[in-house]
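Below is one structure, written out as structure tokens; the observations come after it.
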Amino acid sequence: IDALNPTCNACVAGYPDGALSAARALEDRRARGEDLGPLAGIPLGVKDLEDARGLPTSHGSAMSGGRGPAVSDSILVARLKEAGCIVVGKTNTPEFGWTAQTDNPSFGATRNPWNIAHTPGGSSGGSASALAAGMVPLCTGSDGGGSIRIPSALCGLSGFKPSLGRVP
């Protein structure tokens, strides 16, 4: 993330101390022989439209600034963490996830890692750019009108839009 994000601008908030702490806790659980879950240790980027405890949620908007870090996880983030994922940061999104191009006044434009003159699409463009660049192996996204499918197609990825109501 540190090496690639200055070019792609896919990640808007990092969580290195929290991620390392979560990894150590996971390792301690492994040493005790506890069940770690099917996604144990997988680094997770969280789209900046949903809460991840300890990280700010800006919705890509200056209007959300100053709220401070989230005090709880969204249900999706909580379930991914229960399955063993480790949140490493937040990914960029257009303001309130409203357009098919990831650009906002707070963080600027996200770039497609395959060609930085191009957009990764939106609204999950930060997640798609981070995945395509190899910054993280898994990210959250949301899709009401193509917000997972468009960035996946533009970044050469497979995206999954579950049926409405299937995933919170």
Side-chain angles (χ1 to χ4, degrees), residues 1-30 34-60 69-70 72-94 97 100 102 107 110-114 119-144 146-168:
I1 293 171
D2 288 344
L4 300 172
N5 199 54
T7 300
C8 296
N9 194 34
C11 299
V12 297
Y15 197 49
D17 293 338
L20 289 173
S21 177
R24 285 187 201 100
L26 190 67
E27 181 59 25
D28 290 344
R29 290 179 52 218
R30 187 200 60 77
E34 295 178 23
D35 179 18
L36 304 180
L39 303 177
I42 294 179
L44 175 68
V46 176
K47 183 178 179 179
D48 195 24
L49 292 183
E50 60 187 306
D51 287 343
R53 189 181 60 204
L55 289 166
T57 302
S58 77
H59 303 100
S72 62
D73 294 320
S74 72
I75 192 166
L76 174 59
V77 172
R79 288 180 178 176
L80 288 166
K81 287 168 72 173
E82 287 170 15
C85 286
I86 296 174
V87 174
V88 297
K90 300 294 276 297
T91 60
N92 206 5
T93 185
T102 300
F107 301 109
T110 295
R111 301 291 172 205
N112 189 316
W114 300 110
T119 181
S123 72
S124 301
S127 290
S129 180
L131 288 165
M135 293 185 213
V136 289
L138 184 65
C139 285
T140 66
S142 54
D143 188 325
S147 295
I148 291 174
R149 295 163 288 165
I150 293 167
S152 295
L154 293 178
C155 290
L157 302 169
S158 295
F160 174 67
K161 181 189 187 238
S163 300
L164 186 63
R166 184 80 171 152
V167 176

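Both backbone and side-chain heavy atoms feed into the values below; hydrogens, waters and symmetry mates do not.
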Heavy-atom donor-acceptor pair, N9 side chain to F107 backbone, under 3.5 Å: yes
Side-chain donor or acceptor of S74 paired with backbone N/O of V77 under 3.5 Å: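 Here the side-chain-to-backbone pair exists.
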Is the closest side-chain heavy-atom distance between [X] and [Y] below 4.5 Å?
{"X": "P137", "Y": "P43", "value": "yes"}
{"X": "R111", "Y": "T7", "value": "no"}
{"X": "T140", "Y": "L44", "value": "yes"}
{"X": "S58", "Y": "K90", "value": "no"}
{"X": "S129", "Y": "T102", "value": "no"}
{"X": "V87", "Y": "L55", "value": "yes"}

Which heavy atom in [X] sits nearest to a heavy atom in [Y], and how many Å separate them?
{"X": "T93", "Y": "S123", "value": "OG1-O, 3.1 Å"}
{"X": "N112", "Y": "L154", "value": "ND2-O, 2.9 Å"}
{"X": "L131", "Y": "V136", "value": "CD2-O, 3.4 Å"}
{"X": "D48", "Y": "G60", "value": "OD2-N, 3.8 Å"}
{"X": "S124", "Y": "I148", "value": "OG-CG1, 4.0 Å"}
{"X": "A100", "Y": "I150", "value": "CB-CD1, 4.1 Å"}

Heavy atoms of other groups near R29 CZ, more than 12 under 6.0 Å: yes
Within 6.0 Å of CG in D28, more than 12 heavy atoms from elsewhere: yes
Rounded to the nearest 0.5 Å, what separation is found between the [atom1] atom of [X] and the [atom2] atom of [Y]?
{"X": "E82", "Y": "I75", "atom1": "CD", "atom2": "CD1", "result": "8.5 Å"}
{"X": "D143", "Y": "L164", "atom1": "CG", "atom2": "CG", "result": "10.5 Å"}
{"X": "C8", "Y": "I1", "atom1": "SG", "atom2": "CD1", "result": "11.5 Å"}

Holding to side chain to side chain donor-acceptor pair (under 3.5 Å), I want the full list of residues that pass it with [X], two or more places apart in sequence or in another chain.
{"X": "T110", "value": "N92"}
{"X": "N5", "value": "none"}
{"X": "S127", "value": "T91"}

Under-4.0 Å salt bridge between E27 and R24: no
Worked verdict on R30 versus L26 for side-chain contact (heavy atoms from CB on, under 4.5 Å): CA-CA 6 Å; R30 187 200 60 77; L26 190 67; over 6 Å; no
Pair K47-S142, side-chain contact (heavy atoms from CB on, under 4.5 Å): steps then yes or no: CA-CA 8 Å; K47 183 178 179 179; S142 54; 2.7 Å; yes
